[in-house]
Amino acid sequence: SLFEVFLFSPLQGLLKYLEKCFSDLKHRGVVVGYDTRGQETTSCSSKRLAQLTAAVFLGKDIPVYLFSTYVPTPFVPYAVKQLHVAAGVMITASHNPKQDNGYKVYWENGAQIGSPHDKRILESIEESLEPWQASWNAKLPDVSPLRHDPLDEVCALYTEDLKKLCFYRELNRKTSLKFVHTSFHGVGHEYVKSAFKAFDFAAPIPVPEQKDPDPEFSTVKCPNPEEGECVLILAIKLAEREAARVVLATDPDADRLAVAEQQEDGSWKVFSGNELGALLGWWMFKCWKDKHPDPADVKDVYMLATTVSSKILQALAIHEGFHFEETLPGFKWIGNRIDELLQSGKEVLFAFEESIGFLCGTLLLDKDGVSAAVIVAELATYLETRKLTITDQLNNIYRMYGYHLSKTSYFKCYEPATIKRIFDRLRNYEKDNQYPDHCGPFEILHVRDVTTGYDSSQPNKKSVLPISRSSQMITFSFVNGCVATLRASGTEPKIKYYAEFCAPPGQSGTAYLAEELNKLIDAMVKNFLEPEKNGLIARV
C-alpha cells in the first residue's frame, strides 16, 4: 500500500534512531496527532495513517499518546513539551492540494527536528527497509494498554497557557466588534472557538460551508489562505451580511493565519504575512512593556523572523532596545533557536515567517494559528477603543519605525533540473564563479548564497546563517536599499521570490517606493528567472 512506501520505512528509521537516543523511550513514549485529510474515501486518510503510526510504536512496547480526534498541528509540539515524551508525529499536509499527505516530526524539545537529527534519521531509514510483522496490526491502538488519549489534558493545559497571553479581558467581554472565522474545511473551528472563550470573547461567526472537516476542500480552489481574497470570498460575503469588520482564516491544520479587514470604502484589505508580523510584533512588545516599566528589563528580550521575512522587527528592535535575530526559512529553525534562547534565560516575545506563520509567546515552539487568531481579535478590540482600525495601526507602525514595503510571490516549476539550472546560472553569471553585479538597471551591492555559504558583505565572505546545501536560496542587496531573495520551496514545486524596501523612519512617499519595488521585481523575473525560456508557470 501507499502507507508502506510513504510512512513505514521513515517510521522504522525514526523509531530505531529514538531507541539510540533515549534509553528511557519505553518509559517516555511518543505523541501522535492527525488532521482531517482524506477521511473516509482513502486508506491514506490522516486518521488511518496516525493509527498505523501508533501501531508501529506500540508493536515495540513504546507508549503512544494518540489523540482520539483531529487536532491543530501546534497541539502536537505543545503536547510533546507538556507530556515530556521523546518525540511527536503529526500527520498533515497543511495547506497542500487535497491529494497530498505528509508528516511532521518533533524532537523532545517540542521543535521540529533539525540538524543533526534529520540527517541521522534519514541514515537510519535507509538501514531499515524491510517491514516488521508486528507493525501491521492496525488494531493495536484500540486494544493496547500502552495507548493513551491526551486530548482532554492537552486542551485544558493549552487553554490555561493561552490565558497568559490575554491582556484586555474586560475590553474583550464588552466589545461590539464581530469576527468571522473560516477554518478552510479543516481542524480549526472548535479550537478557535475555545480560544475565543478563554479570552472572554463572544464566539466567532463560522462560515457554515467551511466550518466542518471536508477532505475535498470543496469550496476553495486551493486550501491555502495565503492566496488572499480569491479564497476568502465566502468569509467576506458572510462578514458583510453580519456587519463584521474582521475575517480570521486558519489553514486546514490551523498552524497559520490570514486576516482581512473591511476598509472605509467597503473594500477589503487582506494583510500579508509581513504586515501581520509587524502588527503582532508591535502588540506583543506593547503588552510586555506595559508590564515591565523598568527599561533595563529589555536587554533579555528577543524577537525572531526568517531571513525572507520583513525586517520590520529589526526596526522595532533598534528603536526599542530589544534583540532581533534572523533564521533560515522554516519554523524548525525558529523553534530550535527559541529553545536555545530560553535555555540561556532569555525571553522571546514573538516570532514569524512571511508565509503567515506566527508564534506569540512561547507556549510551544512552532507556528500556531489558533493563538494568533484570538490575539489578533484582542488587538483589534483594543484598537477599536482608540478609534483605530487594524489598517490605521499598521500605518502608525510604519510612520514610527519606517515604511517596509514588501512583495512575495512565486512561479510553479515541476522540473527540479530547471530549478537547478536557474540557480547555477546565477552563480556563473556572464563568467564562471561570478554572481551578477546588476539586474537590468539596478546595481547589486552584495550577494548572499546560503546554498554554498557565500556572503560578499562579510569580511571573510562566509554566510552567518548556516549553509543549507539541500535547498536553493540566493539573496541580493541592491544599491537602492532593496533586498530580494530567490529560493526554491522545500514543500511545493515552486520558485519563490521575496523583495522588500525599508525606508528610514519619517520618510513618506510610499507611492515612489512601491513603483521602484515593482520595477525591480520585474527586472529580477525577466533577467534572473526567464520564465518563458524556462517554462515557468506564473501565479494566477
Reported [atom1]-to-[atom2] distance for the pair [X] and [Y], which is rounded to 0.5 angstrom:
X      : Y      : atom1 : atom2 : answer
Leu328 : Trp333 : CG    : CH2   : 5.0 Å
Leu426 : Leu529 : CG    : CG    : 7.5 Å
Leu365 : Phe331 : CG    : CZ    : 9.5 Å
Gln472 : Ile495 : CD    : CD1   : 9.0 Å
Leu383 : Glu378 : CG    : CD    : 10.5 Å
Glu326 : Thr307 : CD    : OG1   : 4.0 Å

Ignoring hydrogens and angles, state whether a donor on the side chain of [X] or [Y] is under 3.5 Å from an acceptor on the partner side chain.
X      : Y      : answer
Thr391 : Gln263 : yes
Ser267 : Asp265 : yes
Gln210 : Thr182 : yes
Gln343 : Asp339 : yes

Would you call [X] and [Y] a side-chain contact if the rule is heavy atoms closer than 4.5 Å?
X      : Y      : value
Ser176 : Glu384 : yes
Leu248 : Val376 : yes
Thr159 : Lys197 : no

Looking only at heavy atoms, which two atoms of [X] and [Y] are closest? And how far apart?
X      : Y      : answer
Ala254 : Val187 : CB-CG2, 3.7 Å
Arg37  : His95  : NH2-C, 3.9 Å
Gly33  : Phe67  : CA-CD1, 3.9 Å
Val450 : Pro466 : CG1-O, 3.4 Å
Ser456 : Leu445 : OG-O, 4.4 Å
His446 : Ile444 : O-CG2, 3.6 Å

Criterion side-chain contact (heavy atoms from CB on, under 4.5 Å) on Tyr382 and Lys286, from CA distance to verdict: CA-CA 12 Å; Tyr382 167 83; Lys286 176 206 141 23; 3.5 Å; yes
salt_bridge(Lys367, Glu353) N-O dist < 4.0 Å: yes
Establish, yes or no, whether a centroid distance under 6.0 Å links the rings of [X] and [Y].
X      : Y      : value
Phe528 : Phe476 : yes
Tyr191 : Phe75  : yes
Phe179 : Phe201 : yes

Partner set under side-chain hydrogen bond (donor to acceptor under 3.5 Å, both in side chains) for Trp107, not counting sequence neighbours: His117
Under the side-chain hydrogen bond (donor to acceptor under 3.5 Å, both in side chains) test, residues paired with Asp100 that sit two or more places apart: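 Applying side-chain hydrogen bond (donor to acceptor under 3.5 Å, both in side chains) to Asp100 gives Asn96.
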Stepwise salt bridge (Lys or Arg N to Asp or Glu O under 4.0 Å) check, Asp392 with Arg386: CA-CA 11 Å; Asp392 292 334; Arg386 301 288 187 280; over 6 Å; no
Option among Arg539, Arg487, Lys412 that satisfies the side chain to side chain contact (heavy atoms under 4.5 Å, CB included) test with Lys494: Lys412
Main-chain N/O of [Y] paired to [X] side chain as donor or acceptor, under 3.5 Å:
X      : Y      : value
Tyr106 : Ala79  : no
Thr451 : Ser471 : yes
His323 : Lys299 : yes
Asp251 : Arg256 : yes
Ser463 : Gly453 : no
Thr175 : Leu171 : no

Can you tell me if [atom1] on [X] sees more than 12 non-hydrogen neighbours from other groups inside 6.0 Å?
X      : atom1 : answer
Lys237 : NZ    : no
Glu264 : CD    : no
Glu443 : CD    : no

Mutual orientation of the aromatic rings belonging to Phe411 and Tyr497 [parallel < 30°, tilted 30-60°, perpendicular > 60°]: tilted
Ring geometry between Tyr401 and His319 (parallel below 30°, tilted from 30 to 60°, perpendicular above 60°): perpendicular
Verdict with reasoning, Asp161 to Lys164, per salt bridge (Lys or Arg N to Asp or Glu O under 4.0 Å): CA-CA 6 Å; Asp161 268 346; Lys164 296 171 194 160; 2.6 Å; yes
Trp283: which of Tyr168, Phe350, Phe352, Phe358 passes ring-ring contact (aromatic ring centres under 6.0 Å, His included): Tyr168
Salt bridge (charged side-chain N to carboxylate O under 4.0 Å, His left out) partner of Lys269, chosen from Glu275, Glu261, Glu229: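 Single salt bridge (charged side-chain N to carboxylate O under 4.0 Å, His left out) partner of Lys269 among Glu275, Glu261, Glu229: Glu275.
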side-chain contact (heavy atoms from CB on, under 4.5 Å) between Lys178 and Ile205, intermediate numbers included: CA-CA 8 Å; Lys178 290 159 123 187; Ile205 303 162; 4.2 Å; yes
Worked verdict on Lys496 versus Val308 for side-chain contact (heavy atoms from CB on, under 4.5 Å): CA-CA 10 Å; Lys496 295 188 166 185; Val308 292; over 6 Å; no
Test log, rule side-chain contact (heavy atoms from CB on, under 4.5 Å), inputs Ile312 and Asn274: CA-CA 8 Å; Ile312 186 68; Asn274 284 330; over 6 Å; no
Stepwise side-chain hydrogen bond (donor to acceptor under 3.5 Å, both in side chains) test for Asn396 and Gln393: CA-CA 5 Å; Asn396 290 341; Gln393 182 55 30; 3.2 Å; yes
Any residue meeting salt bridge (charged side-chain N to carboxylate O under 4.0 Å, His left out) with Arg448, in chain and number order, not counting sequence neighbours: none
Residue pair Asp368, Tyr158: steps toward the side-chain hydrogen bond (donor to acceptor under 3.5 Å, both in side chains) verdict: CA-CA 12 Å; Asp368 180 0; Tyr158 179 86; 2.5 Å; yes
Axial cation check for Tyr302 ring with Lys346, 6.0 Å and 45° limits: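 Ring-cation test returns no.
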Residues Glu325, Arg337; criterion salt bridge (Lys or Arg N to Asp or Glu O under 4.0 Å); working and verdict: CA-CA 9 Å; Glu325 284 192 8; Arg337 180 59 186 145; 2.6 Å; yes
